[in-house]
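See structure below.
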Protein chains: 4
Amino acid sequence: MADPKTPEPTRRSERSRQAILTAAVELVGEVGYARLSVEAIAARAGVGKQTIYRWWPSKGAVVLDAFVELSGGSQPVALPDTGNLKADLREVLRATVKELTDPRFELPSRALTAESQMDPALSQQFVEAVLRPHLKALQERLRSAQRAGQVAKGVDLDVAVELFVGPLFHRWLLRTAPLTSAYADTVADLAIAALRPTARAGAPR
Amino acid sequence: MADPKTPEPTRRSERSRQAILTAAVELVGEVGYARLSVEAIAARAGVGKQTIYRWWPSKGAVVLDAFVELSGGSQPVALPDTGNLKADLREVLRATVKELTDPRFELPSRALTAESQMDPALSQQFVEAVLRPHLKALQERLRSAQRAGQVAKGVDLDVAVELFVGPLFHRWLLRTAPLTSAYADTVADLAIAALRPTARAGAPR
Amino acid sequence: MADPKTPEPTRRSERSRQAILTAAVELVGEVGYARLSVEAIAARAGVGKQTIYRWWPSKGAVVLDAFVELSGGSQPVALPDTGNLKADLREVLRATVKELTDPRFELPSRALTAESQMDPALSQQFVEAVLRPHLKALQERLRSAQRAGQVAKGVDLDVAVELFVGPLFHRWLLRTAPLTSAYADTVADLAIAALRPTARAGAPR
Amino acid sequence: MADPKTPEPTRRSERSRQAILTAAVELVGEVGYARLSVEAIAARAGVGKQTIYRWWPSKGAVVLDAFVELSGGSQPVALPDTGNLKADLREVLRATVKELTDPRFELPSRALTAESQMDPALSQQFVEAVLRPHLKALQERLRSAQRAGQVAKGVDLDVAVELFVGPLFHRWLLRTAPLTSAYADTVADLAIAALRPTARAGAPR
DNA sequence: AGCTAATCGAGACGGTACGTCAGGTCTTTAC
DNA sequence: GTAAAGACCTGACGTACCGTCTCGATTAGCT
């Protein structure tokens, strides 16, 4: 009578769930995402394939869950707000660089970003679960700066956020050049300059 | 001296090469990259699978070649230089947005970007063949502006370029918000503001 | 303890097994053994290739099973024993000729004989499953004749059997001359003559 | 102008022909007939594939030629005729056993016998080139014996020959039991007994 | 505490595609 | 015009996984 697509989550085996996510993380690290197979995850986790297919729609979804689990769930991201805008943002971008180049995170992150290209649903989840919290926090800091008069009033903060994050992401994803904390500083400074409330707002003269 | 794995390219059949690239483009458009198979390309092109494996190392490499062929080879990209920096860059970014959202290009672009994550060699080729020309051209325009005193002297133009391109790319790739020409304008204006030669220059102190 | 390469036969699909054997027989008849492919068998049987490879080590093994199934399994072969040795053996050899020239059996028989040359394991199975029962039955009849004094006491019946069967087989396999029931009679008569208890064998003069 | 199927044999390269046959023999010995490929023969012989296909219709034909070359061409087979029929025939059958079990000959012989099953044309050539001379010689010896009154007059010598050869061949091909010279002796004695001109014999009148 | 129904491990199944091997044809260059 | 070389189309190989589908054997939650 119940929708066959929605199994009872009450009966779900937590043991299996954990084993699957752990196996997924391990295997992504060992063989990479492309050569990762549901079969291998099931075997490593000591689990029937059906148990995976019952609870996740795709390989990507499993890896996403595993990744979220790994990065400590959806805990709200806290950014420093010392009043010193430049210092705060430099620190944030440096932290971002550190995370993007952390070997534990890099492989699954790239895999999920790649997979997101082909699977909009996964993309949505990925962005919401992993990315959005960071962007939101950054935006919050900028809003605070805007209230303090350090950022021009007319600036769209959605865009502003991407001014900081976009360049880092671009370099990371396309490997056009090494991604260093020096680069993070430069980007932070330039983006802050773009937002400063000179003459007639942030728009160029 | 010669690598035994690399066959003589003199004997190569141009007819087959073209048929393969055409078939690849068509099929990426029809079924998407994920469901694209070497087998299907060979069948569509009326070609033996071996002929593909003889000349390309992977599915991604074929699609990359096909994509380069499609976008008119490695012709040098020409940017407008009217003297009006803001107008020129707005036009460039608008053109970039148009290309990224052009249905003919979007699918293969996303596919190649995704595939590049898992295959650094492909990534390298992709960036050099497709991306670098655009970035170089943009950089050239900024250099011209720098000479004209519209951009602060100390600014690293490699970074500056990414200030323009990064946000667009970020939004396109992660689908955090719609990618419009209005957005292109906003990014252009903000990035130009970041670079303008103020009192203390745009470069980090 | 269990061989990991041998899957549980309890879960085996009888439907698939039958379909595969039937398809194999049909296809051997249609295209011959040399042009018979596992792929074609799988396609005709509506079965995945893996299902064939799971249960049989080679094309030859499938055809052997199919052939055994076709000739009614390993039912014990019954030979006539009317007391009239010459009549009985003529009948047996004529039946053998008939089977060797029966179009339904000839092709697979030749194929299996040929394949056996290259694959000793298959050879073993083929001989045991198909040939041995016939030889055993023939030997039994000769033993009975030996007890009745129609065959010399000292004769090795293993050899005697081949005296009857060898010539037929030789002619069938090498096509040195047509294989007819007249030939069967001649061979039967000569072989019986070879075995008869002579003056010096201690038999009645 | 000439039939494209029959190239000019005058221009044929003897060097290539020899190299091909040598390579074929070597490779059959190394990898067996089943895994022998025209490609490998060509490579080993330092010859283009076309050169093989130009002069031989099939892999089997090459191996047959190679085998004939190996066994010293179609030299007429000479059998002993000492007047002692039993001694002569024992010697002949022992020689046959020796040849069938000689490792240099066994593999190609089995291969050709096997291949002959699927290719009647090859079968014909094989029998004529390799087998017939032996059978003819054996038949000659029996004819001589028939003239000397050691073999009944009415016996069909074509059949008689197979009475000697058939059992050996049967045991060799089907591996029902080891093929020894003791076996050769037994068969020789029995077959001679079958042919002897006693009382009314078992042979057809 | 026992019943019953869903989930579980296991793995066979029909499939698709893989990347490789070889077949036999065709084309190019050298002799 | 034969030969060496080797690219080409074709077709089959045997393998890896896909996602679906039985199987008993747990294992909950409800009676």
Side-chain angles (χ1 to χ4, degrees), chain A residues 2 4 7-13 15-17 19 35-43 45-55 57-59, chain B residues 7-13 15-17 19 35-43 45-55 57-59, chain C residues 7-13 15-17 19 35-43 45-55 57-59, chain D residues 1-2 7-13 15-17 19 35-43 45-55 57-59:
Chain A
E8 270 302 323
T10 36
R11 289 179 164 277
R12 183 167 187 181
S13 157
R15 220 175 76 11
S16 297
R17 192 182 144 277
R35 267 177 303 197
L36 174 67
S37 69
V38 173
E39 215 136 73
I41 296 175
V47 141
K49 280 201 288 178
Q50 198 61 265
T51 303
I52 296 181
Y53 285 112
R54 193 167 7 244
W55 301 109
S58 68
K59 182 174 77 166
Chain B
E8 266 303 319
T10 41
R11 293 209 179 283
R12 183 168 186 181
S13 156
R15 217 173 92 352
S16 296
R17 193 183 144 275
R35 263 176 306 196
L36 174 66
S37 68
V38 172
E39 213 136 75
I41 296 175
V47 139
K49 274 199 290 180
Q50 199 67 351
T51 301
I52 296 182
Y53 285 113
R54 191 164 14 242
W55 302 109
S58 69
K59 182 173 78 166
Chain C
E8 266 303 320
T10 40
R11 292 208 178 284
R12 184 166 187 181
S13 157
R15 217 173 92 351
S16 297
R17 194 183 142 276
R35 265 176 306 197
L36 174 66
S37 68
V38 173
E39 212 136 76
I41 297 175
V47 141
K49 275 201 287 179
Q50 201 63 22
T51 302
I52 297 182
Y53 286 113
R54 187 156 25 234
W55 302 109
S58 68
K59 182 173 78 164
Chain D
M1 195 124 297
E8 271 301 323
T10 39
R11 288 181 165 276
R12 183 168 187 181
S13 156
R15 218 174 80 9
S16 296
R17 192 181 145 276
R35 267 178 304 196
L36 174 66
S37 69
V38 172
E39 215 135 71
I41 296 175
V47 139
K49 278 199 288 178
Q50 198 59 262
T51 303
I52 296 181
Y53 284 113
R54 203 178 345 259
W55 301 108
S58 69
K59 183 173 77 167

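Each chain gets a letter, A, B and so on, in the order the sequences are listed, and its residues count up from 1. All of these numbers come straight from a predicted model, not from anything done at the bench.
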What's the closest nucleotide to the [X] side chain, out of [options]?
X       : options                : value
B/Arg54 : F/dC8, E/dT7, F/dA4    : F/dC8
B/Glu39 : F/dA3, E/dG24, E/dC18  : E/dC18
B/Val38 : E/dG19, F/dC13, E/dC13 : E/dG19
B/Ser16 : F/dG14, F/dC9, E/dC18  : F/dC9
D/Gln50 : E/dC18, E/dC26, F/dA4  : E/dC26

| Side chain D/Lys59, main chain D/Leu36, donor-acceptor under 3.5 Å |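 Present.
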Would you kindly give the [atom1]-to-[atom2] distance between [X] and [N], to the nearest whole Å?
X       : N      : atom1 : atom2 : answer
D/Arg12 : F/dA4  : CZ    : C1'   : 16 Å
A/Arg15 : F/dA28 : CZ    : C1'   : 15 Å
C/Ile52 : E/dC13 : CD1   : P     : 11 Å
B/Ile41 : E/dG19 : CD1   : P     : 11 Å
A/Lys59 : F/dC17 : NZ    : P     : 10 Å
C/Arg35 : E/dG23 : CZ    : C1'   : 13 Å
A/Tyr53 : E/dG11 : OH    : P     : 17 Å

| For C/Arg12, does the CZ atom sit with more than 12 other heavy atoms under 6.0 Å from it, leaving out its own atoms? |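 Yes, the 6.0 Å shell around CZ holds more than 12 heavy atoms from other groups.
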| said: Counting only side-chain nitrogens and oxygens, does A/Trp55 get under 4.0 Å of the OP1 or OP2 atom of E/dA6? | reply: no
| Is there a side-chain polar atom (N or O) of A/Thr51 under 4.0 Å from OP1 or OP2 of E/dG9? | yes
| Which atom of A/Val47 lies closest to which atom of A/Ile52, heavy atoms considered | CG1-CG1, 4.2 Å
| note | Tightest non-hydrogen contact, residues C/Gly48 and C/Ala42, listed as C-CB, 4.2 Å
| said: Distance check, rounded to the nearest 0.5 Å: A/Thr51 atom OG1 versus A/Lys49 atom NZ? | reply: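 One gets 11.5 Å once the value is rounded to the nearest 0.5 Å.
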| query | Nearest nucleotide by nearest heavy atom, which residue falls closer to the 5' end of DNA chain F, A/Arg11 or D/Lys49? | reply |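 Result: D/Lys49.
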| query | How do B/Gly48 and C/Pro57 order along DNA chain F: which one's closest nucleotide is nearer the 5' end? | reply |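 Closer to the 5' end of DNA chain F: B/Gly48.
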